[in-house]
Colleague: 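My structure is below; once you've seen it, I'll send some questions.
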Amino acid sequence: MRRRVVLAGLVSVCLLVLAAAPVQAQEWSAAQKDVGKSVEAYWAFDLTGDVEGFLSYVDASHMGWSYDSPVPMDKASIKTFMTLESQLNKVLAYDIKPVAIRVHGNSAFADYYYVEVRKNAENKTSEHNGRWTDILTKQGDRWVMIGDHGGEIKGK
């Protein structure tokens, strides 16, 4: 009986690994890579605390809803809270793992997991993990956010 339980567990783990393999091995099209390049660009601005640089990738019509916010936030709210966050914490490192990027003409969405390490005013570091869905539109040579949803996954 115990052997069946162990075997069932091993089979489950193998199936999970095989199911995740296509996400890791996915080949991105040129359009998907272009969207990913913009996502990386605004995350890089967040790393350096450059709020204005980040906001240059946020359309004036943006409306997004993070897990922490009781209501959706517009671009002005993002500026307020990002400015405060950059004063209270410094992002030391981040990693983004794209799960899906879909491009439909001049519209796209990008789903990804992230991990971020921050240092606060007391020099204490903390790790934050979460997921985002960014909704983007093409403006000139880059993609800008018109909406997003997600944030930190608490309780992990």
Side-chain angles (χ1 to χ4, degrees), residues 13 16-17 19-104 106-156:
V13 169
L16 285 172
V17 169
V23 170
Q24 297 298 324
Q26 185 170 359
E27 290 292 322
W28 301 105
S29 71
Q32 289 170 311
K33 288 178 185 176
D34 194 35
V35 171
K37 186 171 76 172
S38 286
V39 172
E40 285 286 347
Y42 51 79
W43 270 81
F45 282 122
D46 189 41
L47 177 69
T48 62
D50 184 348
V51 175
E52 292 302 323
F54 182 92
L55 291 172
S56 73
Y57 281 87
V58 178
D59 187 73
S61 69
H62 178 276
M63 191 60 63
W65 204 347
S66 75
Y67 299 145
D68 292 335
S69 180
V71 296
M73 294 173 58
D74 61 10
K75 186 173 181 175
S77 296
I78 292 170
K79 181 176 183 173
T80 299
F81 286 97
M82 279 192 76
T83 301
L84 177 62
E85 180 67 26
S86 68
Q87 292 168 356
L88 297 175
N89 295 292
K90 177 172 178 32
V91 177
L92 301 176
Y94 70 89
D95 187 33
I96 298 171
K97 297 289 185 217
V99 176
I101 298 174
R102 298 287 184 258
V103 180
H104 301 278
N106 286 335
S107 300
F109 71 84
D111 293 320
Y112 55 91
Y113 293 103
Y114 73 89
V115 60
E116 185 177 69
V117 178
R118 301 180 198 152
K119 181 171 32 172
N120 65 18
E122 292 83 36
N123 282 324
K124 292 182 182 173
T125 60
S126 56
E127 183 177 298
H128 304 266
N129 302 281
R131 59 183 172 243
W132 282 103
T133 296
D134 294 345
I135 303 129
L136 305 108
T137 189
K138 184 81 171 197
Q139 288 183 357
D141 64 346
R142 64 186 177 162
W143 294 85
V144 298
M145 275 191 289
I146 57 173
D148 63 347
H149 179 68
E152 184 173 355
I153 301 168
K154 308 243 178 183
K156 287 190 109 185

Colleague: Side chains of Thr125 and Arg118: closer than 4.5 Å at any heavy-atom pair?
Modeller: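 Not touching, per the 4.5 Å side-chain cut-off.
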Colleague: Passes side-chain hydrogen bond (donor to acceptor under 3.5 Å, both in side chains), Thr137 versus Asn106? Steps please.
Modeller: CA-CA 5 Å; Thr137 189; Asn106 286 335; over 6 Å; no
Colleague: Once you round to the nearest 0.5 Å, how far does NZ of Lys33 lie from CD of Glu27?
Modeller: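 It comes to 7.0 Å.
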Colleague: With heavy-atom distances below 4.5 Å as the criterion, would you say the side chains of Tyr114 and Lys97 are in contact?
Modeller: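 Side-chain contact under 4.5 Å: no.
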Colleague: Give, for atom CD of Glu116 and atom CD of Glu127, the distance between the pair rounded to the nearest 0.5 Å.
Modeller: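 Taking CD in Glu116 and CD in Glu127, the distance rounds to 10.0 Å.
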Colleague: Quick one: sort the His149 and Tyr67 rings into parallel, tilted or perpendicular, breaks at 30° and 60°.
Modeller: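 It falls in the perpendicular class, over 60°.
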Colleague: Answer yes when Lys79 and Glu52 have at least one side-chain N-carboxylate O distance shorter than 4.0 Å, and no when they do not.
Modeller: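 Glu52 and Lys79: salt-bridged.
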Colleague: Mind running side chain to side chain contact (heavy atoms under 4.5 Å, CB included) on Tyr42 and Arg142 for me, showing each step along the way?
Modeller: CA-CA 11 Å; Tyr42 51 79; Arg142 64 186 177 162; over 6 Å; no
Colleague: To the nearest 0.5 Å, what is the distance between OG (Ser56) and CZ (Phe45)?
Modeller: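 The CZ atom of Phe45 is 5.0 Å from OG of Ser56, to the nearest 0.5 Å.
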Colleague: Supply the atom-to-atom distance Ile146 CD1 to Met63 CE, rounded to the nearest 0.5 angstrom.
Modeller: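 Result: 11.5 Å between the selected atoms.
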Colleague: Using 4.0 Å as the upper bound for N to carboxylate O, is an ion pair formed by Lys154 and Asp68?
Modeller: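 Looking at Asp68 and Lys154, the cut-off is met.
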Colleague: Is there a donor-acceptor contact under 3.5 Å from the side chain of Ser69 to the main chain of Pro72?
Modeller: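 Not confirmed, Ser69 side chain does not pair with Pro72 backbone.
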Colleague: Can Ser61 and Asp59 be said to form a side-chain hydrogen bond (donor to acceptor under 3.5 Å, both in side chains), step by step?
Modeller: CA-CA 5 Å; Ser61 69; Asp59 187 73; 2.4 Å; yes
Colleague: For residues Gly64 and His62, report the shortest heavy-atom separation together with the two atoms involved.
Modeller: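 Heavy atoms only, the tightest pair is N-CE1, 3.2 Å.
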Colleague: Any chance you could measure Thr83, atom OG1, to Leu55, atom CG, to the nearest 0.5 Å?
Modeller: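 Thr83 OG1 to Leu55 CG: 7.0 Å, rounded to 0.5 Å.
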Colleague: In sequence, state the C-alpha distance, the side-chain angles, and the governing distance for Asp34 and Trp143, and then conclude on side-chain hydrogen bond (donor to acceptor under 3.5 Å, both in side chains).
Modeller: CA-CA 8 Å; Asp34 194 35; Trp143 294 85; 3.1 Å; yes
Colleague: Hey, is the main chain of Ala76 close enough, under 3.5 Å, to the side chain of Thr80 for a donor-acceptor pair?
Modeller: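 Yes.
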Colleague: At their closest point, which heavy atom of Trp132 faces which heavy atom of Ser66, and how far apart are they?
Modeller: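 Heavy atoms only, the tightest pair is CH2-CB, 3.7 Å.
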Colleague: Evaluate Asn129 against Tyr113 for side chain to side chain contact (heavy atoms under 4.5 Å, CB included), listing each step before the verdict.
Modeller: CA-CA 7 Å; Asn129 302 281; Tyr113 293 103; over 6 Å; no
Colleague: Is the closest side-chain heavy-atom distance between Met145 and Tyr57 below 4.5 Å?
Modeller: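 Contact flag for Met145/Tyr57 side chains = no.
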Colleague: Any side-chain heavy atom of Glu85 sitting closer than 4.5 Å to one from Gln87?
Modeller: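 When only atoms from C-beta onward are counted, Gln87 and Glu85 do not touch, as no gap falls below 4.5 Å.
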Colleague: Can you see which heavy atom on Asp46 is nearest to which on Phe54, and at what distance?
Modeller: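 Where Asp46 meets Phe54 most closely, the heavy atoms are CB-CD1, 4.4 Å.
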Colleague: Mind listing the closest non-hydrogen atom pair of Ala110 and Val39 along with its distance?
Modeller: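 Shortest heavy-atom separation between Ala110 and Val39 comes out as CB-CG2, 4.2 Å.
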Colleague: For Asn120 and Ser126, what are the C-alpha separation, side-chain angles and deciding distance, and is it a side chain to side chain contact (heavy atoms under 4.5 Å, CB included)?
Modeller: CA-CA 8 Å; Asn120 65 18; Ser126 56; over 6 Å; no
Colleague: Let me see the working for Val115 and His128 under side chain to side chain contact (heavy atoms under 4.5 Å, CB included), right down to the final yes or no.
Modeller: CA-CA 6 Å; Val115 60; His128 304 266; over 6 Å; no
Colleague: Measuring from Ser38:OG to Leu136:CG, what's the distance to the nearest 0.5 Å?
Modeller: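 If we round to the nearest 0.5 Å, Ser38:OG and Leu136:CG are 7.0 Å apart.
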Colleague: So Ile101 and Trp28, do their side chains get closer than 4.5 Å, heavy atoms only?
Modeller: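 They are in contact (side-chain heavy atoms under 4.5 Å apart), so the answer is yes.
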Colleague: Can you classify the ring geometry of Trp43 versus Tyr112 as parallel (below 30°), tilted (30 to 60°) or perpendicular (above 60°)?
Modeller: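 Because their plane-to-plane angle is over 60°, the rings of Trp43 and Tyr112 count as perpendicular.
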Colleague: Is there side-chain contact between Val103 and Ser29, with heavy atoms separated by less than 4.5 Å?
Modeller: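 The answer is no; the side chains never approach within 4.5 Å.
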Colleague: Going by heavy atoms in the side chains, are Phe109 and Val35 under 4.5 Å from each other?
Modeller: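 No - every pair of side-chain heavy atoms lies 4.5 Å or more apart.
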